[in-house]
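Everything below concerns the one structure shown next.
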Amino acid sequence: MSNEKQVDSGRRGLLVATCAVGGVAGLATTGAFVSTFQPSERAKAAGAPVEVDISTLAPGEMRTVEWRGKPVWLIKRTPEMVASLKKTDALVADPNSVRQDFSVTPDYALNEYRSIKPELLVLVGICPHLGCSPGARFSEGPQSSLPDDWEGGFLCPCHGSTFDMAGRVYKNKPSPDNLQVPRYMYEGDTKLVIGKDEKGEA
């Protein structure tokens, strides 16, 4: 009888020890599992606003920066590029960006220039059609895959969508919307913040 009690006592002790170890392992696993839902510092930084020095951006130049894993174009338009927008008003599908099918255009870009200042254009360089990246075709006149009266702008090589110098899509093209204007703001005359404006972060 005493032997049976000793065996039961031994088993009970082993069972308790096993459960304790299992519980600790379970907590450790749960902790590791939960931690995978916590955004890393890199992930947080990827969504943060981006500051860009625009002091050296020359007229006619386009610079690309990354924001939230997307290419964002900064184009310093020449007076001729700005003037071309009046010529393309009647040729584009949504000249005032009121359709809002693909993305919401900030209030300060609901104009012919689609920008705060006429000379500086800020666009997300992704075509709303299938996510391709259009190429810059700033030179005017006849060119391959472009009309003879081309005023300068962007061409998506995937399915031929064309956009003017404000990122407005031409009529009867596959893209359902204009190129996206992200939220942005100026900090002085030489710094631009992408992904944030006076209303807060995007």
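Predicted model, so just to flag it, every value in this text is computed and none were measured.
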Any donor-acceptor pair under 3.5 Å from Lys173 side chain to Ala93 backbone = no
Going through the distances and angles, do Val52 and Ile194 end up as a side chain to side chain contact (heavy atoms under 4.5 Å, CB included)?
-> CA-CA 8 Å; Val52 186; Ile194 300 166; 3.9 Å; yes
State plainly whether one hydrophobic cluster holds both Leu179 and Trp67, where clusters connect Ile, Leu, Val, Met, Phe, Trp and Tyr through side-chain heavy atoms under 4.5 angstrom apart.
-> yes
Tell me, do Asp177 and Asp94 make a side-chain contact under 4.5 Å, heavy atoms counted?
-> yes
Pick from Tyr170, Phe138, Phe163: which one makes a ring-ring contact (aromatic ring centres under 6.0 Å, His included) with Trp150?
-> Tyr170
Test item: Arg137 and Leu146 side chains (from C-beta on) under 4.5 Å apart, heavy atoms = yes
If Ile, Leu, Val, Met, Phe, Trp and Tyr residues are connected whenever their side-chain heavy atoms lie under 4.5 Å apart, and connections chain through other members, are Ile116 and Ile75 in the same group?
-> yes
State the CD-CG distance between Glu187 and Leu192, to the nearest 0.5 angstrom.
-> 9.0 Å
Can you check side chain to side chain contact (heavy atoms under 4.5 Å, CB included) on Val169 and Thr162, steps first, answer last?
-> CA-CA 6 Å; Val169 66; Thr162 48; over 6 Å; no
Measure from the side-chain N and O atoms of Ser133 to the backbone N and O of Gly125, and report whether any donor-acceptor pair falls under 3.5 Å.
-> yes
Check: Asp53 and Thr190 side chains under 4.5 Å, non-hydrogen atoms = yes
Minimal non-hydrogen separation, Val92 against Lys171, with atom names = O-CE, 3.4 Å
Distance (rounded to the nearest 0.5 Å) between Thr64 OG1 and Lys70 NZ = 15.0 Å
Non-hydrogen side-chain atoms of Lys196 and Met185 separated by less than 4.5 Å = yes
Can a donor-acceptor pair be found between the side chains of Arg77 and Ser115 at a distance below 3.5 Å?
-> yes
Would you kindly confirm whether Trp73 and Tyr108 end up in one hydrophobic cluster when ILVMFWY residues are joined by side chain heavy atoms under 4.5 Å apart?
-> yes
Is any NZ, NE, NH1 or NH2 atom of the basic residue among Glu61 and Arg63 found under 4.0 Å from an Asp or Glu carboxylate oxygen of the other?
-> yes
Separation of SG atoms, Cys158 and Cys127, below 2.5 Å = no
Please round to the nearest 0.5 Å and tell me the distance separating atom CD of Glu80 and atom CD of Glu151.
-> 11.5 Å
If you look at every heavy atom in Thr105 and Ser97, which pair is closest and at what distance?
-> OG1-CB, 3.8 Å
Hydrophobic cluster membership, Val82 vs Met165, 4.5 Å side-chain cutoff | yes
Answer yes when Lys191 and Glu51 have at least one side-chain N-carboxylate O distance shorter than 4.0 Å, and no when they do not.
-> yes
Starting at CG of Leu123, measure out to CG of Asn178 and round the result to the nearest 0.5 Å.
-> 9.0 Å
Taking C-beta and beyond as the side chain, do Glu112 and Pro118 meet within less than 4.5 Å on heavy atoms?
-> no
Is a side-chain N or O of Thr78 found less than 3.5 angstrom from the main chain of Met81, in a donor-acceptor match?
-> yes
Between Arg168 and Asp89, is the closest basic N to carboxylate O distance under 4.0 Å?
-> yes
Find out if a path of hydrophobic residues (ILVMFWY) with successive side-chain heavy-atom gaps under 4.5 Å connects Val193 to Val181.
-> no
If only atom types and distance count, is the side chain of Asn111 paired as donor or acceptor with the main-chain N or O of Tyr113 below 3.5 Å?
-> yes
Student check: side-chain heavy atoms of Ser145 and Leu155 closer than 4.5 Å | yes
Of the non-hydrogen atoms in Ser139 and Gln143, which two are nearest, and what is the gap between them?
-> O-NE2, 2.5 Å
Can Lys117 be said to sit on top of Tyr186's aromatic six-ring, NZ or CZ under 6.0 Å from centre and within 45° of the ring axis?
-> yes
Parallel, tilted or perpendicular for His129 and His159, by the 30°/60° rule?
-> perpendicular
Rounded to the nearest 0.5 Å, what's the gap from CG on Leu120 to CD1 on Ile54? Could you check?
-> 5.5 Å
Do Met62 and Leu74 come close enough that some side-chain heavy atom pair is under 4.5 Å?
-> no
